[in-house]
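Inspection log for the structure reproduced underneath, given as structure tokens.
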Amino acid sequence: MLILFNHDLLSRDEATIDIEDRGYQFGDGVYEVIRIYNGVFFELEAHLDRLERSAGEIKIALPFNQEELKANLEKLIEQDPVQSGHVYMQVTRGVAPRNHPFPAQADPVFVAYTKEYETEPSRAPGRAVFTEDIRWLRCDIKSLNLLGNVLAKQFANEQNVDEAIFHRGEWITEGSSTNVFIVKNKTLYTHPANHLILDGITRRVVLSIANDLGIKVKEEAFTKQDLLESDEVFISSTTQEVRPIVEVDGVRIADGKEGELTASIHAEFTGRLS
Ligand code: PMP
């Protein structure tokens, strides 16, 4: 495994994280995951823009510009080739004696490495559970602080289902690591991209596909009841692409099979990969 550590390519043993790295102690940093298909990054620029935005929102100045980062990532997959997988990257505020306020002097620490998938992530029709969204109110920032998401996914795992779908009161926000869509009367609904959800890159691709396919889209919040009574439910993410959800909290969605619009959106998604 090769690690892109700031500007250098290191072996895993050479790449060490300081005990006082603020990412380690405070979760004080942001991250991205970019899918690699056939050795090529998918939606690279959108992910790098979002990384820059997330970092900016927590006032971390990235130690490179986008062109430099792109060149470094290309070097990484040249030296450590990946056919189908992803690159994970994170940047933290840096190393400083433990104290909550930003340190007067700290250099951001950037780390990236790839993962080749042994098996492709499943997109078989999945099941989900609802869970109250207890996260902070800046879910638009792709922060390293993932405790709310981790606890939710663990809750789903313990119930042998694939995803936990967050709700604030009656209102659905997103999944623990995915965006959530429903279809009702041929209209596609998903939560607006505000501070309550991550503006998923796959979500944007789905909306662009829906637009191309002439599907009516409403970026509007919907309730748990709306979801349970919908015609189709699916989730989207970099790793899971577009995945149908056919049961939530033990309630079957429509006929319990992947819906028509979900299938056509996924087919179009696959078409965009080549
Ligand atoms: N919401 C959350 C909370 C996530 O963690 C993710 C995955 N990173 C997504 C949505 C989907 O985002 P993307 O399509 O950019 O992977």
Side-chain angles (χ1 to χ4, degrees), residues 27 29-37 41-55 57-58 84-91 112 114-115 117 120-123 126 128-157 162-168 171-182 188-210 219 221 227 233-245 262 265-266 268-270 272-273:
V30 294
Y31 77 105
E32 274 299 326
V33 179
I34 309 177
R35 190 75 161 81
I36 301 166
Y37 293 100
F41 294 116
F42 182 62
E43 293 288 324
L44 177 62
E45 262 131 51
H47 282 281
L48 298 187
D49 284 346
R50 189 173 65 182
L51 179 72
E52 207 165 80
R53 178 186 182 274
S54 291
E57 289 298 306
I58 64 166
S84 177
H86 68 233
V87 62
Y88 171 81
M89 68 189 79
Q90 66 169 53
V91 60
T114 58
K115 180 179 166 67
Y117 295 159
E120 291 296 309
S122 171
R123 64 167 308 278
V129 281
F130 287 133
T131 191
E132 184 69 39
D133 194 344
I134 57 163
R135 300 171 304 160
W136 71 332
L137 296 173
R138 288 304 308 274
C139 297
D140 56 308
I141 299 171
K142 204 160 167 57
S143 149
L144 292 179
N145 284 277
L146 286 174
L147 262 184
N149 309 65
V150 165
L151 292 175
K153 191 71 98 187
Q154 178 61 19
F155 176 63
N157 274 5
D162 306 284
E163 181 58 308
I165 295 179
F166 284 127
H167 55 91
R168 288 191 188 267
W171 299 95
I172 301 295
T173 50
E174 63 180 338
S176 73
S177 64
T178 58
N179 291 110
V180 177
F181 294 77
I182 64 171
L188 185 63
Y189 294 82
T190 196
H191 195 285
N194 61 17
H195 62 292
L196 296 179
I197 68 159
L198 183 74
D199 183 4
I201 304 302
T202 324
R203 173 188 182 280
R204 295 185 206 163
V205 174
V206 165
L207 293 178
S208 139
I209 289 172
E219 290 183 67
L227 182 146
V233 177
F234 67 87
I235 54 178
S236 75
S237 79
T238 293
T239 48
Q240 299 197 68
E241 302 178 350
V242 172
R243 183 173 186 186
I245 294 294
T262 307
I265 288 169
H266 188 257
E268 182 67 24
F269 182 89
T270 306
R272 290 194 179 196
L273 302 180

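All values below were derived from every heavy atom in this structure, side-chain atoms included, with hydrogens, water molecules and symmetry-related copies excluded. Keep in mind the model is a prediction, meaning the values are calculated, not measured. Start at 1 and go down the list; that is how both ligands and their atoms are numbered.
- The protein heavy atom nearest to atom 14 (O) of ligand 1 is Thr202 OG1, 2.6 Å.
- Looking at Cys139 against ligand 1, nothing comes within 4.0 Å, counting heavy atoms.
- Contact annotation for Asn149 and ligand 1: only side-chain heavy atoms (C-beta onward) come within less than 4.0 Å of the ligand.
- The shortest contact between atom 2 (C) of ligand 1 and any protein heavy atom is with Glu174 OE1, 3.6 Å.
- Within the listing of ligand 1, atoms 3 (C) sit less than 4.0 angstrom from a heavy atom of Ser176.
- No side-chain donor-acceptor contact under 3.5 Å links Glu241 and Thr202.
- Scanning the protein heavy atoms around atom 8 (N) of ligand 1, the nearest turns out to be Lys142 NZ, 2.4 Å.
- For the ligand labelled ligand 1, residue Val33 lies outside the 4.0 Å heavy-atom shell.
- Shortest contact from atom 11 (C) of ligand 1 to any protein heavy atom: Asn179 OD1, 3.6 Å.
- The single protein non-hydrogen atom nearest to atom 16 (O) of ligand 1 is Thr238 OG1, 2.6 Å, given as residue, atom name and distance.
- When Ser143, Ser177, Gly200 are checked for heavy-atom proximity to atom 9 (C) of ligand 1, Ser177 turns out nearest.
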**OP:** For side-chain hydrogen bond (donor to acceptor under 3.5 Å, both in side chains), just list the numbers for Arg203 and Thr178, CA-CA rounded to whole Å, side-chain angles, deciding distance to a tenth of an Å, and then say yes or no.
**Re:** CA-CA 9 Å; Arg203 173 188 182 280; Thr178 58; over 6 Å; no
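- Of the residues listed (Arg50, Lys142, Gln90), the one engaging Glu32 in a side-chain hydrogen bond (donor to acceptor under 3.5 Å, both in side chains) is Arg50, and it is the only one.
- Arg243 and Thr262 form no side-chain donor-acceptor contact under 3.5 Å, judged by distance and modelled atom types alone.
- Ring centroids of His86 and Tyr117 are separated by less than 6.0 Å, placing the two rings close together.
- When only interatomic distances are considered, the shortest N/O to N/O separation between Ser237 and ligand 1 does not fall below 3.5 Å.
- Ring geometry for Phe181 versus Phe234: interplanar angle under 30°, hence parallel rather than tilted (30 to 60°).
- Using a cut-off of 4.0 Å between Lys/Arg side-chain N and Asp/Glu carboxylate O, Arg272 and Glu43 are scored as not salt-bridged.
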